[in-house]
Structures are given as structure tokens and as C-alpha cells.
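So the structure is just underneath, and the comments pick up after that.
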Amino acid sequence: MAVHLLTVLAYQAGARVTSSQLAASVNTNPVVIRRLLCALREAGIVETRKGAGLGSQLARAPRLIRLADVYRAVEAGETFAFPGSKPNRKCPVGAKITNALETVFSSAQAAMERELDRKSLADILKTVDCPAAV
């Protein structure tokens, strides 16, 4: 959803876009968009001004916005997580499954973040044929 709204901001090429306009494109509630914008603003990816006639815009060029930065700005916690309950340590599988999966999950997380770091918002803009893809 965050990449979607950033793509809309880039497509608008510097114009300020309201959370209601972004919500209409994403097809969600403006409150959800405002939460995302807050996280993206804290990460230095967007600039936001509140009030009538104001809104948000990209803080830097799309080619300088790495998808890994977007992911880190809006995702809380690990993508690959264990359930809240602990496995039964008396079970031969339950005693070792957490350690076995920690290595796999850590490796998968690192691979995903490396791939996201290889792509920028400009790459997404090219795919959606956006004229602001620089």
C-alpha cells in the first residue's frame, strides 16, 4: 500500500496530494493513509502539510527512494515470525523447531531486503508507465 501511494505522489509530479485522494486510489480509508504517511514522513520519504488545500509530496526523487527504505519505514517487526505460543519443549520436534526455523527466517528476511534495496520507486514508475519515472 505504501508503494502504491508513493507511486501516486510521483505520478502527480510535485503537486500536493491529500490523504483522501490517496485513499481513493488505494481504495481504503484516509485514516489508514495518514498512518502510512506519518511513517514515511518520519523516514524522510514524503513531506506532508496539514490543512485545507495542502497534502503530501515526495521528499526526494523517485530514483533515490529504495523499496527497502519504504519497507523498513512501514513494516513493524519481522516478515517471518513465530506464533505467540511457545512449542512444547518436551516434544522432540518442539524442542528444536524454533532454532531450525530461525536460520531459515533470518536468511529469507535478508534476501528479501537485499532485493528490495535493488529496486527504487523509479523502477515501479516505469512499470506503470508514469512520466515521472526519473
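We're numbering straight along the sequence, starting at 1. What you see is a predicted model, and the numbers here were worked out from it, not measured in a lab.
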Q: Would you please name every residue forming a salt bridge (charged side-chain N to carboxylate O under 4.0 Å, His left out) with Arg72, sequence neighbours left out?
A: Asp69, Glu113
Side-chain donor/acceptor pairs under 3.5 Å, residues 21-38, sequence neighbours excluded:
residue, atom, partner, partner atom, Å
Gln21, OE1, Thr18, N, 2.7
Gln21, OE1, Thr18, OG1, 3.2
Ser25, OG, His4, NE2, 2.8
Asn29, OD1, Val31, N, 2.8
Arg34, NH1, Ser19, OG, 2.8

**Q.** Spacing of Ile45 atom CD1 and Leu121 atom CG [to the nearest 0.5 Å]
**A.** 9.5 Å
For a quick test of your reading: what N or O donor-acceptor pairs under 3.5 Å do the side chains of residues 83-105 make, sequence neighbours left out?
residue, atom, partner, partner atom, Å
Asn88, OD1, Lys90, N, 2.8
Arg89, NH1, Gly94, O, 3.4
Arg89, NH1, Ala95, O, 3.0

Q.
Restricting to side-chain contact (heavy atoms from CB on, under 4.5 Å), what partner residues turn up for Ala108, sequence neighbours left out?
A. Phe80
Q | Residue from Ile124, Leu6, Leu116, Leu5 passing side chain to side chain contact (heavy atoms under 4.5 Å, CB included) with Val70 | A | Leu6
N/O donor-acceptor pairs under 3.5 Å from side chains in residues 55-62, not counting sequence neighbours:
residue, atom, partner, partner atom, Å
Ser56, OG, Thr48, OG1, 2.9
Gln57, NE2, Glu47, OE1, 3.2
Arg60, NE, Leu64, O, 3.1
Arg60, NH1, Gly44, O, 2.9

**Q.** Qualifying salt bridge (Lys or Arg N to Asp or Glu O under 4.0 Å) pairs with a residue from residues 115-125, counting only residues at least two apart or across chains
**A.** Glu115-Arg118
